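Everything below concerns the one structure shown next.
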There are 2 protein chains.
Amino acid sequence: MVEDEPAIADLVRLYLTRDGFGVHLERDGAAGLAAARRLRPVACVLDIALPGLAGTEVCRRLREAGDWTPVIFLTARDDEVDRVVGLELGADDYVTKPFSPRELVARVRAVLRRTAGAPATTERPRVVGPVTLDPARRTVTAAGAPVQLTSTEFDLLAHLMARPGRVFTREELLAGVWGYAAHAGTRTVDVHVAQVRAKLGPASVIRTHRGVGYAADA
Amino acid sequence: MVEDEPAIADLVRLYLTRDGFGVHLERDGAAGLAAARRLRPVACVLDIALPGLAGTEVCRRLREAGDWTPVIFLTARDDEVDRVVGLELGADDYVTKPFSPRELVARVRAVLRRTAGAPATTERPRVVGPVTLDPARRTVTAAGAPVQLTSTEFDLLAHLMARPGRVFTREELLAGVWGYAAHAGTRTVDVHVAQVRAKLGPASVIRTHRGVGYAADA
DNA sequence: AGGGGAATGTTCGGATTCGGTAAAGAGCCG
DNA sequence: CGGCTCTTTACCGAATCCGAACATTCCCCT
């Protein structure tokens, strides 16, 4: 959350925390942008009016960098222009001040449910370290450079990056990527992992868990 | 849209139509539910207070049937309970009366942008590289020269260009272009893609994603 | 610390699948 | 009937997948 008024910040933090969310607070736009990139939160709550970088600008820069973390705006100005601009920017929702904390929590949950829901997550670009993966466009970039992956390679990487840190066994990957009717041997997974690693270069996001399987970095 | 007050219904229909949306109106919940299932609209605007079946109930039944068509609620009661219930139900957004028609349109557009795989929604001409496509006039030009496409060919290109970069599987294209009851084989898509490419000439905007489907250049 | 064994990385060519293309049949409408 | 479009099919070249064999790394046991 990025909010410069302590009273509001405390209130929101209280309610979000009570609802089970971990909350990180920054007080100006630049710090918020840096924190969002560093901490990779599940969602951002941004005040539009912020000292320095405006909330809309923070959102725009995140989106430009391929970061589609859900963003919810707080705004005091209840006029349409802000609403339209906010949503057209790629934000996911907004709440106008004065707002009830309970409503904000409900909206955060609603946004998370939307983005965690089956098709939404698979359609949303994922970022792990220097690697970004866009399921809709089926494109991958490593350290900013586009990477050309074959269909199987892409699906494999997408599967791993869907849950960063989670370790998948070769059998799970065969079932999830190749499909249940797959007749390929488990060593085939190794070969494709190697191929993806080679194409990603030094930004190899895939970690081997000896005796278990593979995982994308968290 | 399902709305029982004619004044509001007319207003909303006017603004949505002016923005390029086709609008179908029903006046009670049961009819709305049936229409949604029959017409498969890109989005539903539902009043919460409806004679017979309430809007929330319509939404719930749609969701239970696995229908995740975007739903936007209209509600007169601006209290939290409705908000929470509405969003937790699986709705995508809501607007409280009195609302401005422009805000409603903006929210509809925002919701459609969020939902993946949404078919063509904007009536404005689309430009991708040297190719321009005008949905209203159903005309296409490549490098300035007009191109004569058949109906199916146009719909196919329009569907791809509606979301440049987004990769569509052959099944998605069959569903979106040919219709939900299409019985054509997937290779039919290939043939039409080839036709469009031939007519567009060297400005072939359609890219093949081997093992997956097709996409328009971003 | 060293050796054995297992798991993983790497390489490479045949086999398979996939998509482009052409052509022909089917349906539609004037 | 004649032209147009859509659909299906067959064939071919090319991308890519699979698996085996070999090389390497890591773990565990003595």
Side-chain angles (χ1 to χ4, degrees), chain A residues 138-140 142 146-160 167-217, chain B residues 138-140 142 146-160 167-217:
Chain A
R138 293 187 71 86
T139 56
V140 173
V147 175
Q148 200 84 335
L149 295 184
T150 69
S151 176
T152 306
E153 289 160 9
F154 181 91
D155 290 338
L156 174 61
L157 182 59
H159 199 91
L160 290 171
V167 181
F168 294 91
T169 67
R170 292 174 174 76
E171 285 75 15
E172 284 175 326
L173 290 171
L174 274 177
V177 176
W178 276 258
Y180 287 95
H183 55 282
T186 55
R187 293 309 309 280
T188 299
V189 177
D190 300 30
V191 176
H192 280 84
V193 167
Q195 194 65 21
V196 173
R197 280 174 169 159
K199 290 188 178 180
L200 288 183
S204 189
V205 175
I206 304 179
R207 187 160 305 179
T208 304
H209 286 252
R210 192 179 181 80
V212 187
Y214 298 96
D217 287 335
Chain B
R138 291 186 73 83
T139 57
V140 174
V147 175
Q148 199 80 340
L149 295 184
T150 69
S151 174
T152 306
E153 289 161 8
F154 179 89
D155 290 338
L156 174 60
L157 183 60
H159 203 268
L160 289 171
V167 179
F168 295 91
T169 67
R170 293 176 174 74
E171 285 75 16
E172 284 175 327
L173 291 171
L174 276 175
V177 176
W178 275 259
Y180 291 91
H183 55 282
T186 55
R187 293 309 307 278
T188 300
V189 177
D190 300 31
V191 176
H192 280 84
V193 167
Q195 271 299 315
V196 174
R197 279 175 170 158
K199 291 186 178 180
L200 288 183
S204 189
V205 177
I206 304 178
R207 209 152 37 98
T208 303
H209 286 252
R210 176 168 255 264
V212 187
Y214 299 95
D217 286 335

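Only this structure's heavy atoms are used, side chains among them; waters, hydrogens and symmetry mates stay out. Bear in mind that the values here come from a model prediction, so they are computed numbers and not experimental data.
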Minimum side-chain heavy-atom gap B:R210-A:T150 below 4.5 Å | no
Nucleotide of D:dG19, C:dT8, D:dC6 approaching A:H183 most closely (side-chain heavy atoms) = D:dG19
Distance below 4.0 Å between B:W178 side-chain N/O and D:dC6 OP1 or OP2 = no
Spacing between B:R210 atom CZ and D:dC17 atom C1', to the nearest angstrom | 10 Å
Measure from CZ on A:R170 to P on D:dC18 and round the result to the nearest Å.
-> 15 Å
Distance, rounded to the nearest Å, where B:L149 contributes CG and D:dC6 contributes P | 10 Å
Looking only at D:dC18, D:dC6, C:dG19, the nucleotide nearest the B:Y214 side chain is C:dG19
A:A194 has its side chain closest, among C:dT8, C:dT10, D:dC18, to C:dT10
Sorted by number, residues from residues 185-193 of chain A placing a heavy atom under 4.0 Å from DNA chain D are A:G185, A:T188, A:V191, A:H192
CD of A:Q195 versus P of D:dG19: gap in Å, rounded?
-> 16 Å
Measuring from B:H192:NE2 to B:L156:CG, what's the distance to the nearest 0.5 Å?
-> 8.0 Å
So how far is it from A:L200 CG to A:L149 CG, rounded to the nearest 0.5 Å?
-> 6.5 Å
What is the distance from atom CG of B:D190 to atom CG of B:L173, rounded to the nearest 0.5 Å?
-> 10.0 Å
Short side-chain N/O contact to D:dC17 OP1/OP2 from A:T150, under 4.0 Å | yes
Rounded distance in Å - CG (A:L200) to C1' (C:dG9) = 16 Å
Separation of B:L173 atom CG from C:dG19 atom P, in whole Å?
-> 12 Å
Listed partners of A:V167 passing side-chain contact (heavy atoms from CB on, under 4.5 Å), at least two apart | A:H209, A:V212, A:A215
Give the rounded distance in Å between these two atoms: CZ of A:F168 and P of C:dT8.
-> 17 Å
Find the distance between NE2 (A:H159) and CD (A:E172) and round it off to the nearest 0.5 Å.
-> 7.0 Å
Is there any salt bridge (charged side-chain N to carboxylate O under 4.0 Å, His left out) pair reaching into residues 194-203 of chain B, and which pairs are they, with sequence neighbours excluded?
-> B:E153-B:K199
Figure out the CG/P separation between B:L174 and D:dT7, and round it to whole Å.
-> 9 Å
